[in-house]
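Let me begin by presenting the structure, written as structure tokens, before commenting on it.
Counting begins at 1 with the first residue of the sequence.
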Amino acid sequence: QVRLVESGGGLVQTGGSLRLSCAASGLTVGNYAVGWFRQAPGKEREFVGAVKRSGSTATYPYFAEGRFTVSRDIAQNTVFLQMNSLQSEDTAVYYCAARDYCSGYGCYESNSYPYWGQGTQVTVSS
């Protein structure tokens, strides 16, 4: 049984940083593409970043470029999302998700990920 568990969310001030973790069981992160998505109240779920099966990262969306970094630790079977220079618009529930393979902007498609975590709340206050 596949299970993804996010942690590391919380309350942070504008300009601060957080590192989210996605601990996997039932699959090996080195054999899957693992993505991060977020959903703010009243908004659609959006792609934040992903590490592909090869270990390279997908192209970051404009709001994440230069601020967010996705990485993985195969030994820990965990994927991370490092977020810096956080702004109030980054407030959302952050989810990790896994699929067997993605490439290019196909990594952005949330409907193509069959496995999801429960999410972790990130709140950025001024």
**Item:** side chain to side chain donor-acceptor pair (under 3.5 Å) partner of Tyr94, the single match among Gln121, Gln39, Arg38
**Value:** Arg38
**Asked** How long is the gap from CZ on Arg72 to OG1 on Thr28, to the nearest 0.5 Å?
**Response** 10.5 Å
**Item:** Residue pair Phe80, Asp73: steps toward the side chain to side chain contact (heavy atoms under 4.5 Å, CB included) verdict
**Value:** CA-CA 8 Å; Phe80 304 98; Asp73 185 322; 3.8 Å; yes
**Message:** Tell me whether Arg99 forms a cation-pi arrangement with Tyr113, defined as NZ or CZ under 6.0 Å from the six-membered ring centre and within 45 degrees of its axis.
**Reply:** yes
**Item:** Note, Val29 side chain near Thr78 side chain (heavy atom, < 4.5 Å)
**Value:** no
**Item:** CZ/Phe63: more than 12 non-hydrogen atoms of other groups inside 6.0 Å
**Value:** yes
**Asked** Does one hydrophobic cluster hold both Tyr62 and Phe47, with members joined at side-chain heavy-atom distances below 4.5 Å?
**Response** no
**Message:** Using the rule given for side chain to side chain contact (heavy atoms under 4.5 Å, CB included), can you reason through Thr69 versus Tyr60, listing the C-alpha separation, both sets of side-chain angles and the distance that settles it, and then say yes or no?
**Reply:** CA-CA 9 Å; Thr69 303; Tyr60 292 95; 4.0 Å; yes
**Prompt:** How long is the span from the OG1 atom in Thr14 to the CG atom in Leu86, to the nearest 0.5 Å?
**Reply:** 8.5 Å
**Item:** Euclidean distance, Ser25 OG relative to Arg3 CZ, rounded to 0.5 Å
**Value:** 6.5 Å
**Message:** If you define the side chain from C-beta out and look only at heavy atoms, does anything of Val122 sit under 4.5 Å from Met83?
**Reply:** yes
**Item:** Single-linkage hydrophobic cluster Tyr108~Tyr115, side-chain heavy atoms < 4.5 angstrom
**Value:** no
**Message:** Quick check: do Ser110 and Trp116 have side-chain heavy atoms less than 4.5 Å from each other?
**Reply:** yes
**Asked** Among side-chain atoms of Asn84 and Ser17, is any donor-acceptor pair under 3.5 angstrom?
**Response** yes
**Complete:** d(Arg19 CZ, Leu81 CG) to nearest 0.5 Å is 10.5 Å
**Message:** Walk me through whether Thr120 and Leu20 qualify under side chain to side chain contact (heavy atoms under 4.5 Å, CB included).
**Reply:** CA-CA 8 Å; Thr120 186; Leu20 306 184; 4.1 Å; yes
**Request:** Determine whether Trp36 and Cys22 make a side-chain contact, defined as any pair of heavy atoms from C-beta on separated by less than 4.5 Å.
**Result:** yes
**Asked** Going through the distances and angles, do Glu89 and Thr91 end up as a side chain to side chain contact (heavy atoms under 4.5 Å, CB included)?
**Response** CA-CA 5 Å; Glu89 52 265 35; Thr91 295; over 6 Å; no
**Asked** In the single-linkage hydrophobic clustering (I, L, V, M, F, W, Y; side-chain heavy atoms under 4.5 Å), do Leu4 and Val93 co-cluster?
**Response** no
**Request:** Output yes when a side-chain donor or acceptor of Arg53 lies under 3.5 Å from a complementary backbone atom of Ala33, and no otherwise.
**Result:** no
**Asked** Once you round to the nearest 0.5 Å, how far does CG of Asp100 lie from OG of Ser112?
**Response** 9.0 Å
**Atom pair SG (Cys102) and NZ (Lys52), whose distance is rounded to the nearest 0.5 Å** = 6.5 Å
**Message:** Aromatic contact between Phe37 and Tyr95, with the criterion being ring centroids under 6.0 Å apart: yes or no?
**Reply:** no
